[in-house]
Structures are given as structure tokens and as C-alpha cells.
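Here is the naming used below: chain letters follow the sequence lines, and residue numbers restart at 1 for every chain. The figures here come from the full heavy-atom set of this structure, side chains too, leaving out hydrogens, waters and symmetry mates. These numbers come from a predicted model, not from an experiment.
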Amino acid sequence: MRFATWNVNSVKARLPRLLDWLGSTAPDVVCLQETKVGEDAFPAGEVTELGYETAAYGQGRWNGVALLSRIGLEDVRRGFDGEPGFPDPEARAISARCGGIRFMSVYVPNGRTPDDPHYAYKLRWLAALRDALVPDLAAGPVVVAGDYNVAPTDADVWDPALFTASTHVTPAERTALAELRALGLTDVPARPLKGDHPYTYWDYRAGMFHQNKGMRIDLVYATADVAARVTDALVDREARKGKGPSDHAPIVVDIED
DNA sequence: ATGTCCCTTCACAAGGGA
């Protein structure tokens with residue numbers, strides 16, 4: 001089985017690239033983030049033509065997550081129990097069972113800056129996610145993949161000195177991820193196709209991608225049974241190249257059936 | 001450390017978010 005996660009930064013703007021990438025990569029399951037469309041506007045027709053079932057959760061202008069699967073898409077859940085809003089609910093998590101694994105696509109709040117109320121919201125959201133995952137983890141194999149908006153270590157940012165007072169790297173955010181792992185989730189390492197760091201995000205500005213000044217903030221967290229089946233995992237930086245890319249690259253994971 | 005992109009609207013420019 002091959003699965004992937006990708007923050008597409010608008011599924012409408014990215015649709016031609018998404019369809020090409022689905023054709024060439026041929027993943028069985030895909031977790032999408034930042035679709036930026038409501039459920040009714042999700043381009044399900046085009047994706048269905050490629051053999052995928054779709055489940056979308058969106059609110060239009062911001063956020064939005066979705067799951068694509070060609071190996072079954074059962075028991076879809078939008079959001080999770082106890083999920084906080086700001087203050088209203090935001091479309092940041094969707095999960096379903098595909099091929100015997102529960103996949104959850106997550107778009108963790110950005111946080112903006114450590115003194116912003118959105119930062120406290122980010123930490124509340126991650127703590128609530130941890131609590132909500134407990135029954136899922138007891139029920140079977142789980143993959144929680146998406147844009148976590150946290151760089152787990154200093155090696156995951158291109159210049160740690162620049163990020164000392166920024167969101168994405170604070171001890172509290174990193175602790176929140178450690179608490180997810182403490183539930184029994186493993187950070188599945190993805191290899192970079194170029195360079196030493198498996199960055200997944202490069203700012204559009206200032207030629208950051210070409211200088212490989214990126215961050216590893218998209219992550220695949222999997223239960224041990226899934227992690228043990230991994231045969232390969234990579235950051236598809238090819239998808240970040242060229243005209244009209246997302247600012248994030250997909251992570252593609254192969255596991256033994 | 002800011003050279004972009006995407007979305008929306010009291011829309012054909014500007015602001016907000018990342």
C-alpha cells in the first residue's frame with residue numbers, strides 16, 4: 001500500500017497538479033490539507049475519475065482537509081470529539097478507515113506568534129487531539145498525517161537561530177508532539193530526495209526553495225504496527241518545483257501489504 | 001527575514017493569512 005500527505009494550499013488552484021501527481025504517484029490513500037473549499041465545492045468528480053473515493057471537510061476560504069482512497073473509505077469522521085474552535089469549529093481534521101488502517105488528515109493551527117491567542121489555541125487543539133486519539137489507538141492501526149505546523153527538532157529548520165522566538169519551534173509545541181508520540185505513535189522518517197534535511201515546506205518568498213531554506217513541519221505519525229511495515233518514505237520535492245506549486249511538498253510512504 | 005501566493009470583498013485594489 002502507498003499512502004501520502006500533502007498540504008496543497010488550495011485544492012482548486014492546485015487541481016491540475018494534483019491530478020497529474022495522483023496519476024504519476026498512484027497513492028492508494030491521500031491526506032490533503034488546506035483545501036480551502038467547502039465540501040460541496042471539492043472537485044470530487046475529477047478525482048473520482050482517477051478511481052478515488054473522496055471525503056472532504058471544509059469551510060471555504062480557510063483551512064479544509066480531505067481524504068482520497070481507492071482501497072475503501074469507511075466510517076468517515078469530520079473533526080474529533082472535544083476539538084476546540086476559535087471560537088467556532090474549524091475544518092482541521094478528517095478521518096476514515098481505509099484498507100484496515102484509520103487515517104486522519106490534520107491541519108494543525110499555525111499559532112502565528114507565541115504571544116498570539118492563536119498560539120494558545122494551537123496547544124489546546126493538540127492536547128484535545130491527543131485525548132481524542134486514545135480510543136482510536138486502542139481500536140487498531142492508525143496513521144495521523146498532515147501539516148503539524150511544528151518542527152520537532154532544531155534540525156528541522158534551516159536556521160534555528162532565526163527561529164528562537166518564533167512559533168513552530170517552542171518547547172511547548174514540541175512537548176505537545178512528544179505527548180502524541182507517547183500514546184504509541186512513531187514519527188515515520190521520510191528521506192529527502194536532495195540535501196541532508198527532509199524539509200517539507202519552503203516559503204514562497206525570497207527563493208527559499210532554491211536555497212533549500214525549509215522546514216520539516218509535515219509529518220506522518222503511525223502506530224508501531226504500521227511503522228514496522230514501512231518499506232520506503234520520501235519527501236517528493238519534485239512536486240514543489242516548477243510553475244504554480246504548493247509551498248509544501250507531499251510525503252509518500254510505502255508499506256508492506 | 002521577507003524577492004509570494006491564495007482567498008475574499010461595500011470587487012477591477014487591498015487586506016488577511018500563511
Side-chain angles (χ1 to χ4, degrees), chain A residues 5-21 31-43 46 56-66 84-93 105-126 145-152 154 156-170 173 176-177 197 199-219 235-251:
Chain A
T5 180
W6 193 8
N7 178 326
V8 289
N9 186 17
S10 171
V11 73
K12 276 189 196 166
R14 217 65 58 213
L15 188 58
R17 291 188 69 122
L18 173 64
L19 297 175
D20 283 352
W21 177 84
C31 300
L32 297 176
Q33 302 87 38
E34 278 207 87
T35 54
K36 296 187 176 178
V37 292
E39 204 177 326
D40 51 350
F42 189 85
E46 292 89 332
Y57 179 36
Q59 56 188 104
R61 187 172 192 176
W62 288 311
N63 312 315
V65 285
F86 193 85
D88 298 321
E90 298 182 323
R92 296 184 174 279
S105 175
V106 295
Y107 177 48
V108 177
N110 176 286
R112 302 189 182 181
T113 57
D115 58 355
D116 192 293
H118 287 86
Y119 175 82
Y121 166 52
K122 180 181 197 172
L123 296 178
R124 281 200 303 280
W125 197 93
L126 283 166
D147 179 357
Y148 280 73
N149 271 316
V150 178
D154 280 351
D156 297 319
V157 295
W158 61 274
D159 186 351
L162 279 178
F163 284 86
T164 50
S166 306
T167 182
H168 292 58
V169 302
T170 63
E173 289 165 273
L177 292 202
H197 299 277
Y199 298 141
T200 62
Y201 161 84
W202 301 261
D203 197 297
Y204 282 124
R205 293 169 286 190
M208 300 291 266
F209 178 67
H210 298 287
Q211 299 172 70
N212 199 25
K213 293 179 174 177
M215 304 176 76
R216 186 174 82 100
I217 55 175
D218 300 85
L219 306 170
V235 180
D236 182 8
R237 74 189 299 280
E238 297 301 310
R240 179 64 177 77
K241 291 182 176 177
K243 185 174 167 54
S246 170
D247 43 1
H248 294 252
I251 299 170

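Residues A:V150 and A:H168 form no side-chain contact, since every pair of their non-hydrogen atoms from C-beta on lies 4.5 Å or further apart. Side-chain atoms of A:V11 and A:P43, non-hydrogen and from C-beta on, do get closer than 4.5 Å to each other. When side chains are defined from C-beta on, A:H197 does not count as touching A:R216, because their heavy atoms never get closer than 4.5 Å.
Under the 30°/60° scheme for interplanar angles, the aromatic rings of A:Y201 and A:H248 are found to be tilted. In this pair, A:Y121 and A:H118 present their aromatic rings perpendicular. The plane angle is above 60°, beyond the 30 to 60° band.
Position along DNA chain B of the nearest nucleotide to A:W158 versus A:H118 favours A:W158 as the more 5'-ward residue. Along DNA chain B, the nucleotide closest to A:G111 and the one closest to A:L162 are compared, and the more 5′ of them pairs with A:L162.
Here, B:dG15 and B:dA11 have their C1' atoms 12 Å apart, quoted to the whole Å. Across B:dC12 and B:dC7, the matching C1' atoms stand 16 Å from one another, rounded to whole Å. Using C1' as the reference atom, B:dA1 and B:dA18 are 15 Å apart when rounded to the nearest Å. Separating the P atom of B:dC10 from that of B:dC6 is a span of 23 Å, rounded to the nearest Å.
Bounding nucleotides for the chain A contact on DNA chain B, 5' to 3', at a heavy-atom distance below 4.0 Å, are B:dA1 to B:dA18.
Anti is the glycosidic conformation of B:dC10, whose angle departs from 0 by more than 90°.
Residue contacts for A:F163: at a heavy-atom cut-off of 4.0 Å it reaches a base atom on one of the strands shown.
Residues meeting the side-chain hydrogen bond (donor to acceptor under 3.5 Å, both in side chains) test with A:T113, sequence neighbours left out: A:D115.
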